[in-house]
Amino acid sequence: MRLLSLVALPILSRVAAAASFSPYTLDDVQGDISTYLNHNATQQARAVSNFGCDLACGFLAFTLPHTVAFRNSSIYDFQENRYWSQQQEFTRPTCRFSPTRAEDVSLAILTFRVTQCKFAVKSGGHGAFSGASNIQDGVTVDLIHLTDVKLSKDKKVASIGAGNTWYNVYEKLTPQNLTVVGGRVSPIGVGGLTLGGGISFFSARYGWACDNVHNYQVVLADGSIRDVHPKSCNKDLYWALRGGGNNFAVVTRLDLETYPQGDMWAGSQTYINTPETSKAINQAFEDFAIKSPEDDYAQIITAYAYAQTQGIYVIASDLQYGKPVANPPILQNFTAIPGAIMDTLRIVDLPSLTQEFNATNPYGFRKTYWTYTFKNSAALMDEIVAIYMEEVEKVKDAPGIVPSAVFQPITTSMTKHFAKNGGNPLGLEGQGPLTLVNIDISWTKISDDTRIFAAAQAIVDRSVAAAKARGLDHPYLYQNYASQKQDVFASYGEANLAKLRSISKKYDPDQVLQRLQPGYFKLH
Ligand SMILES: Cc1cc2nc3c(=O)[nH]c(=O)nc-3n(C[C@H](O)[C@H](O)[C@H](O)COP(=O)(O)OP(=O)(O)OC[C@H]3O[C@@H](n4cnc5c(N)ncnc54)[C@H](O)[C@@H]3O)c2cc1C
Ligand SMILES: *[C@@H]1O[C@H](CO)[C@@H](O)[C@H](O)[C@H]1NC(C)=O
Ligand SMILES: *[C@@H]1O[C@H](CO)[C@@H](O)[C@H](O)[C@H]1NC(C)=O
Ligand SMILES: *[C@@H]1O[C@H](CO)[C@@H](O)[C@H](O)[C@H]1NC(C)=O
Ligand SMILES: *[C@@H]1O[C@H](CO)[C@@H](O)[C@H](O)[C@H]1NC(C)=O
Ligand SMILES: *[C@@H]1O[C@H](CO)[C@@H](O)[C@H](O)[C@H]1NC(C)=O
């Protein structure tokens with residue numbers, strides 16, 4: 001009867017301070033599950049096809065009371081509603097497991113191994129496609145309770161539970177006149193954004209989110225809990241986590257570098273998409289991407305969209321400046337473009353700015369996200385905008401459709417920070433300026449899925465062909481914007497992919513996180 005030893009938790013809290021420890025072993029959990037099975041499972045229960053996950057849910061519910069929510073319970077329904085896309089929201093796991101400590105995650109991973117139950121891990125739930133952070137008939141580990149935000153004594157590091165939204169983090173740090181390098185839309189999760197890269201309003205100054213992690217607390221496939229930082233003996237794992245997604249560990253806490261930050265000048269100028277305006281904005285974009293190193297407080301996002309109710313194409317020119325200074329010279333080529341029909345540029349604090357972006361990214365719709373990258377060129381942008389509009393014409397009658405093509409520069413001011421702390425696996429160190437594109441479409445009816453996916457795919461394929469024809473193509477695919485049909489890790493380059501695979505074999509010899517956690521981007 002090892003069940004008793006499992007609940008003898010005071011022992012655990014004594015060792016919890018160590019940099020690496022294993023609260024449970026696979027053998028112990030195997031033994032406990034056998035005991036549980038003998039007491040609790042009838043022959044009838046054992047005969048059902050999904051018995052592995054039923055067993056995992058039952059065992060975790062018995063061992064860690066209040067962590068498991070079953071189908072049709074109010075907690076289950078509440079958590080299922082907290083996905084951004086409908087495809088994820090409509091995915092129904094056997095149960096949802098909500099750990100409160102890294103030790104709970106350790107027990108869960110070993111339980112999934114013993115029962116061979118497939119699982120997914122959710123932080124903010126903004127992964128767009130089905131299975132990214134929810135799993136049909138498996139167990140979803142929802143990090144919803146890992147929401148601590150603690151500043152170190154010297155205030156140089158913020159320890160952030162991996163289930164936080166960026167809004168919660170910024171709300172805690174802004175009164176201290178501090179920030180971390182994180183997401184730009186309030187409800188995005190700390191976990192997914194940082195593990196895929198993470199573009200922030202401050203990335204020209206400090207690099208992407210993954211470049212500013214002081215330490216990751218992780219749970220490995222063997223159930224051990226480890227601290228992973230650039231000076232640790234597992235610094236290879238640190239490198240892999242900076243863009244490696246969900247392939248290496250479940251991250252339970254991120255200790256992020258903090259930076260002084262007060263109010264900003266930021267907002268959005270909206271234009272009707274005429275050929276003249278579009279040309280002027282694309283030229284300003286190309287020039288800005290080159291000039292960015294002259295003032296790395298500035299960042300931009302240029303979004304092309306179609307407004308269905310008015311039947312017009314529009315351009316949202318989002319400008320951000322990291323100081324409370326209106327209309328700085330670096331952004332004046334944008335603000336000089338006449339004809340804005342809406343303008344929200346103002347002095348603003350970071351939490352409010354992320355709320356403004358949340359308002360234009362509502363929950364509850366069908367969604368698809370795609371990406372590609374090309375070398376900085378206004379002429380190519382003009383051509384891609386034309387391709388985007390041609391393809392949107394074919395689907396613009398779909399109820400509720402909001403199709404957009406979003407351009408962001410990956411500047412040399414950003415990529416020079418990719419070398420920090422031993423580098424990252426993205427394959428972009430020192431490169432640029434590049435243009436990152438995100439094709440982002442939402443709509444309401446499942447019956448439109450097929451033709452909208454086809455339109456998105458056509459925009460991507462035709463744009464990549466146009467870039468190749470001009471010799472301006474680039475292989476990089478940004479994980480956080482990619483479709484499940486895109487091969488993200490191959491785009492990091494052969495050498496980086498080989499290194500990622502060997503690090504995965506080293507820390508997860510049985511490839512548990514590849515086999516039992518099938519969702520999102522995998523190394524094979
Ligand atoms: C409205 C919107 C705005 C966005 N804005 C930005 C932006 O400003 N900058 C930017 O770079 N990207 C942005 N993105 C993209 C965003 O970074 C990705 O969608 C990211 O995956 C979201 O992370 P999440 O934790 O919310 O999602 P989730 O769906 O919870 O997670 C995404 C993936 O990461 C894995 N994962 C999450 N947490 C952990 C963990 N702790 N341990 C192991 N695996 C984990 C999940 O298993 C899943 O596979 C935006 C996306 C949307 C929809
Ligand atoms: C499972 O068995 C244990 C040990 O006999 C018992 O205490 C517990 O109530 C049972 N739980 C369920 C859900 O049947
Ligand atoms: C959940 O509720 C739905 C509708 O009320 C019902 O059809 C379904 O069988 C229930 N599922 C479980 C597991 O209780
Ligand atoms: C933050 O900055 C404001 C404005 O400069 C100042 O009034 C306030 O005291 C600062 N707060 C902290 C905690 O340093
Ligand atoms: C502004 O536009 C001019 C003319 O195209 C260009 O030469 C200049 O570099 C641009 N400045 C910035 C800061 O982008
Ligand atoms: C973001 O907007 C949604 C509405 O689409 C709202 O329910 C949610 O509370 C907002 N999130 C945050 C963190 O403000």
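Start at 1 and go down the list; that is how both ligands and their atoms are numbered.
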Salt bridge check: are Arg71 and Asp137 linked by an N-O gap of less than 4.0 Å?
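Looking at Asp137 together with Arg71, the answer is yes, because their closest N to O distance falls below 4.0 Å.
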Pair Asp211 + Lys420, salt bridge at N-O below 4.0 Å:
no
Thr165-ligand 6 polar pair, N/O distance under 3.5 Å
no
May I ask you to check if ligand 6 and Gln355 share an N or O to N or O distance below 3.5 Å?
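Between Gln355 and ligand 6 (N or O atoms, distance only) the closest approach is under 3.5 Å.
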Will you find, in the side chains of Thr435 and Gln408, an N or O donor that is under 3.5 Å from an N or O acceptor?
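Side chains of Thr435 and Gln408: no pair found under 3.5 Å.
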Heavy-atom gap [X] to ligand 1 smaller than 4.0 Å:
X      : value
Gly198 : yes
Tyr369 : yes
Gly196 : no
Tyr478 : yes

For [atom], state whether the nearest protein heavy atom is under 4.0 Å away.
atom                    : result
atom 9 (O) of ligand 6  : no
atom 14 (O) of ligand 6 : yes
atom 4 (C) of ligand 6  : no

Have a look at [options] and point out the one with the heavy atom closest to [atom].
atom                    : options                : answer
atom 34 (O) of ligand 1 : Gly125, Gly192, Ala128 : Gly192
atom 12 (N) of ligand 1 : Leu193, Thr360, Asn164 : Leu193
atom 6 (C) of ligand 1  : Ile188, Thr140, Asp142 : Ile188

Return the residue, atom name and 0.1 Å-rounded distance of the protein heavy atom closest to [atom].
atom                    : value
atom 6 (C) of ligand 6  : Asn358 ND2, 4.2 Å
atom 12 (C) of ligand 6 : Ser186 OG, 3.4 Å
atom 41 (N) of ligand 1 : Val251 O, 2.8 Å
atom 14 (N) of ligand 1 : Tyr481 CE2, 3.9 Å
atom 16 (C) of ligand 1 : Asn480 CB, 3.9 Å
atom 26 (O) of ligand 1 : Gly189 N, 2.8 Å
atom 33 (C) of ligand 1 : Tyr520 CE2, 3.6 Å
atom 8 (O) of ligand 1  : Arg184 NE, 2.7 Å
atom 27 (O) of ligand 1 : His126 N, 3.1 Å
atom 29 (O) of ligand 1 : Ser133 OG, 2.7 Å

Flag Asn177 as yes when one of its N or O atoms lies below 3.5 Å from any N or O atom of ligand 4, and as no otherwise.
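So ligand 4 has an N or O lying under 3.5 Å from an N or O of Asn177.
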Decide yes or no on ring-ring contact (aromatic ring centres under 6.0 Å, His included) for Tyr259 and Tyr206, but give the supporting numbers first.
CA-CA 9 Å; Tyr259 298 101; Tyr206 308 119; 3.7 Å; yes
Does ligand 1 come near enough to [X] that some N or O of the ligand is less than 3.5 Å from an N or O of the residue?
X      : result
Pro187 : no
Gly183 : no
Gly245 : no
Val121 : yes
Asn246 : yes

Just let me know how [X] lines up against ligand 1, side chain, backbone, both or neither, with a heavy-atom cut-off below 4.0 Å.
X      : result
Ala249 : backbone
Leu195 : side chain
Ala132 : backbone
Trp84  : side chain
Leu143 : side chain

When you measure from the SG of Cys53 to the SG of Cys95, is the result less than 2.5 Å?
no
Does NZ or CZ of Lys323 fall inside the cone over Trp265's six-membered ring, less than 6.0 Å from its centre and within 45° of the axis?
no
Spell out, as yes or no, whether a donor-acceptor pair under 3.5 Å connects the side chain of Ser463 to the backbone of Ile459.
yes
Could you state the interatomic distance from OH (Tyr83) to CD (Gln88), rounded to the nearest 0.5 Å?
6.0 Å
Parallel, tilted or perpendicular: rings of [Y] and [X] (30°, 60°):
X      : Y      : answer
Tyr476 : Trp208 : tilted
Phe201 : Phe357 : tilted
Tyr321 : Tyr297 : tilted

Under the ring-ring contact (aromatic ring centres under 6.0 Å, His included) rule, what do Phe288 and Phe285 come out as? Steps first, then yes or no, please.
CA-CA 5 Å; Phe288 171 84; Phe285 185 106; 7.7 Å; no
Under 4.0 Å from a heavy atom of Pro175: which atoms of ligand 4 are those, numbered in the order shown and with their elements?
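Counting from 1, the qualifying ligand atoms are 11 (N), 13 (C).
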In ligand 1, which numbered atoms sit nearer than 4.0 Å to a non-hydrogen atom of Gly124?
24 (P), 25 (O), 26 (O), 30 (O)
